[in-house]
J.: 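Here it is: the structure, laid out below.
Here is the naming used below: chain letters follow the sequence lines, and residue numbers restart at 1 for every chain.
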2 protein chains.
Amino acid sequence: MDLSERQLQILQAIITDYVENAEPVGSRSIAKKYDLGVSPATIRNEMSDLEEMGYLTHPHTSAGRVPSDKAYRLYVNNLMKRKNLSAKDKKMINDRLSASRDEFDRTIRHAAELLSEITQLASFAMTPAANEETISFIRLMHVDDRTLILMIVSESGNVTNTTLRLNCDCTQEMLELLSKNMTVNYKGRTLDDVLKSEIIEDVGTDIEAMNQLRGSVMPSFMRTLEDMLNVNLYMEGMTNIFNLPEYSSIDRARDFMELFAQKDWFTQKMLARDEGVVVTIGEENESLKDCTLITATYHVDGKMVGKIGVIGPTRMKYDEITSIMEYLTNNLSETFKLTDGSSGDGTEDR
Amino acid sequence: MDLSERQLQILQAIITDYVENAEPVGSRSIAKKYDLGVSPATIRNEMSDLEEMGYLTHPHTSAGRVPSDKAYRLYVNNLMKRKNLSAKDKKMINDRLSASRDEFDRTIRHAAELLSEITQLASFAMTPAANEETISFIRLMHVDDRTLILMIVSESGNVTNTTLRLNCDCTQEMLELLSKNMTVNYKGRTLDDVLKSEIIEDVGTDIEAMNQLRGSVMPSFMRTLEDMLNVNLYMEGMTNIFNLPEYSSIDRARDFMELFAQKDWFTQKMLARDEGVVVTIGEENESLKDCTLITATYHVDGKMVGKIGVIGPTRMKYDEITSIMEYLTNNLSETFKLTDGSSGDGTEDR
DNA sequence: TGTTAGCACTCGATGAGTTAGAGTGCTAAT
DNA sequence: ATTAGCACTCTAACTCATCGAGTGCTAACA
């Protein structure tokens, strides 16, 4: 059943007012503040209908109305309009992101900081998942007879390394041989693919020492690949939520904070979300049943996908926040476009 | 002015009781629970004296007494006895630390987790400061004509790398030459030393291309050195404090959480603390005026110093917690002793 | 002189009772 | 269909009385 134009107007007014003031909205204040040309009594009737349809709730008989998750959903899908960012916010984003342009992780973290500063909510940013990254080469470097550095380089320029201590001696030549062998085996394959595959036994030689070396190196190799898959998660502004009336009770605040203490769990949840700006409201979330979670994605080299997000009560400025996140992710994607090497000091760290 | 034996007994009883129950302690309950052989009236008189001397305070006239910072300080310095860890805690520490033995950062993080689980307070762990680490060698690896990997290896086996994009071409030979040159210049010097020193201009050649390459690489080299100096800080169990009556008000809880949102600031503070088990109580802390902070240090290769710490209200079980931290840091130092390479799967990641 | 019993006094916590005000829901008039 | 009017509901805020834990003082006691 569709809502009438007037019902939509009233609903929008209630949402606007409630988002602003965090207090149940009465018919009288709607009639006064928003010029709908009808009396409070009429609004009351409409409110009653809206409540019956599940768009509003009632904390108790003699209180005003509060928008339900369903109302916010309707608002986000149909009612709200993109907001233009204030010049101040735009400037802040541009300045702060470009200041950290040449260091990847720092830029991501700054994005999260910005997001929480502007929205005054809790926010996070994640580096892209590397599952689809492909291996470029593997190198084992001789440090001393029992120590070597294992280095894995991906085709997008990601480098990870580990220092290994062996309990058998190894020579420079052995390491070079094994490097070559591993590179031949794994070059061009994705990390995911390699991790799932059987460990290749063939070293291309049957010299006992080589096999022993391989046996020592492979477990660390796999573990290092796993490390490369780990996305970094930066959370910022968690304490902002203390300023919101929704979290004025210790229990609510505790629940909120505890959720984000489980970083691994949270990361998995966020990785599973779709690309683009995604809004999940209240009950739509598995946990966080009284929070809204908004995520957006940015791209690196036009390909890999990282995420930023905002977490707050369902009562939030959906229009502003989604606009900010869109602007911010566009900006990030632009920053991380494959460069032609003509910017800054001539170097670009990753 | 020294305290009499009986005053010490009473003070100790009050501290024990207050630490346990978080409520002002009255003379009657002391007389009942702790067999001091004197009546409540006598205890009242002593309490009054202790208050005059600054060891106790009074929330209001008709409430019991609460230990002051000064009382806790006396307790920590003179009264408390080391506690033996429970077999359960010992087992937990041994099991959980050895499970992550071969990955340095993970072990550190697990130590923080353990500490917060056992103490039910907020805790942290920091990797060692690398200021005194010395450089072993520097290598520049050719990826393609405009991309290279910069790798810095310290003598203790720490490796850091950065991928650089150049805006001029470079050849394999050029990179090898520069690697050698840089290694000769910096080998054996500490990171601190190198960072403070002037950038060396002499590349050992006056070929223009080499100078240009050097100019591109050096800023990233310095930045990467700075990265190596950064200690990692892991914080765990921040939400534990919500369970304490001290933080049942939102404002207190907020203040607490906000302090730890400033990780950089916190890291600096912690780095400045002395080695060994250090307890700072209430006003003794610059910030955190109503918290107690206990830190302890562990050693890596018997040399570099990392820290773990516990943060909670001044009302905490000083005897248990210091004992746990002593045990835990000893265990960590043992774990990170220079190995003879005969453990585990024959490899050891760092 | 140190210790103790006794007692008046203080002060926060608790709970009951009251009131004010915001807001609804219904009815009847427009 | 809309609206004015009004009775009704419910919470928040306030007051007031009571309770009880605990002190501090005094006087008696060993």
Side-chain angles (χ1 to χ4, degrees), chain A residues 2-11 13-15 17-18 20-68 71 245-246 248-249, chain B residues 1-11 13-18 20-68 71 245-246 248-249:
Chain A
D2 267 357
L3 300 182
S4 71
E5 186 58 31
R6 193 170 67 190
Q7 283 175 325
L8 289 176
Q9 279 179 352
I10 291 174
L11 192 57
I14 293 173
I15 290 174
D17 203 81
Y18 185 70
E20 183 74 25
N21 303 311
E23 260 161 41
V25 188
S27 54
R28 229 178 92 82
S29 63
I30 291 289
K32 237 194 288 183
K33 284 194 225 170
Y34 305 85
D35 196 20
L36 302 179
V38 288
S39 75
T42 310
I43 294 175
R44 270 205 294 284
N45 289 331
E46 298 284 30
M47 277 171 144
S48 187
D49 292 348
L50 284 167
E51 178 160 9
E52 211 169 305
M53 289 186 270
Y55 291 104
L56 297 175
T57 53
H58 231 180
H60 56 86
T61 344
S62 69
R65 297 312 211 290
V66 174
S68 67
E246 275 85 352
S248 61
S249 107
Chain B
M1 179 171 56
D2 269 358
L3 299 183
S4 71
E5 187 59 31
R6 193 170 66 188
Q7 284 174 324
L8 289 175
Q9 279 179 354
I10 291 174
L11 192 58
I14 292 173
I15 290 174
T16 307
D17 203 80
Y18 185 70
E20 183 75 26
N21 304 311
E23 260 160 40
V25 188
S27 54
R28 230 178 90 83
S29 64
I30 291 290
K32 237 194 286 184
K33 285 194 223 167
Y34 306 84
D35 197 20
L36 303 179
V38 287
S39 75
T42 310
I43 293 176
R44 269 205 294 284
N45 289 331
E46 297 285 29
M47 277 171 145
S48 187
D49 292 348
L50 284 168
E51 180 161 8
E52 212 167 307
M53 288 185 272
Y55 291 103
L56 297 175
T57 53
H58 231 182
H60 55 88
T61 345
S62 69
R65 296 316 208 289
V66 173
S68 66
E246 276 85 352
S248 59
S249 108

J.: Donor-acceptor pair, A:S27 side chain versus A:I43 backbone, under 3.5 Å?
T.: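 Such a contact is absent between A:S27 side chain and A:I43 backbone.
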J.: Taking salt bridge (Lys or Arg N to Asp or Glu O under 4.0 Å) as the cut-off, I'd like each qualifying pair that reaches into residues 29-43 of chain A, sequence neighbours left out, listed once.
T.: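 Counting only pairs at least two positions apart or across chains, the salt bridge (Lys or Arg N to Asp or Glu O under 4.0 Å) contacts touching residues 29-43 of chain A are A:D17-A:K33.
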J.: Could you pull out all residues at least two apart from A:S48 that satisfy side-chain hydrogen bond (donor to acceptor under 3.5 Å, both in side chains)?
T.: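 Once residues adjacent in sequence are excluded, A:S48 has no partner under the side-chain hydrogen bond (donor to acceptor under 3.5 Å, both in side chains) criterion.
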J.: So which protein N/O to nucleotides 15-22 of chain D N/O distances come out below 3.5 Å?
T.:
| unit_1 | atom_1 | unit_2 | atom_2 | d |
| --- | --- | --- | --- | --- |
| D:dG22 | O4' | B:S62 | O | 3.3 |

J.: Under the salt bridge (Lys or Arg N to Asp or Glu O under 4.0 Å) rule, collect the residues that match up with A:R6, sequence neighbours excluded.
T.: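 A:E46.
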J.: Can you list the residues that meet the side-chain contact (heavy atoms from CB on, under 4.5 Å) rule with A:S248, with sequence neighbours excluded?
T.: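 If we apply the side-chain contact (heavy atoms from CB on, under 4.5 Å) test to A:S248, skipping adjacent residues, there are no hits.
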J.: Go through the structure and list residues passing side-chain hydrogen bond (donor to acceptor under 3.5 Å, both in side chains) with A:S29, not counting sequence neighbours.
T.: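 side-chain hydrogen bond (donor to acceptor under 3.5 Å, both in side chains) list for A:S29, sorted by chain: empty.
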J.: Taking only residues two or more places apart in sequence, or in another chain, which ones meet B:E51 in a side-chain hydrogen bond (donor to acceptor under 3.5 Å, both in side chains)?
T.: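 Expected list: B:R65.
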J.: Need two values: the first and the last nucleotide of DNA chain C, 5' to 3', having an atom under 4.0 Å from any heavy-atom of chain B.
T.: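 Result: C:dT3 to C:dG12.
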J.: Tell me, please, which residues at least two apart from B:T16 pass side-chain hydrogen bond (donor to acceptor under 3.5 Å, both in side chains).
T.: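 In terms of side-chain hydrogen bond (donor to acceptor under 3.5 Å, both in side chains), with neighbours along the sequence ignored, B:T16 is linked to no residue.
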J.: I need the CG-P distance between A:N45 and D:dT2, as an integer number of Å.
T.: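 Those two atoms, CG and P, are 9 Å apart.
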J.: Please tell me which of A:A41 and B:E46 maps to the more 5' nucleotide of DNA chain C, matching each residue to the nucleotide holding its nearest heavy atom.
T.: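 Looking at DNA chain C, the more 5' nearest nucleotide goes with B:E46.
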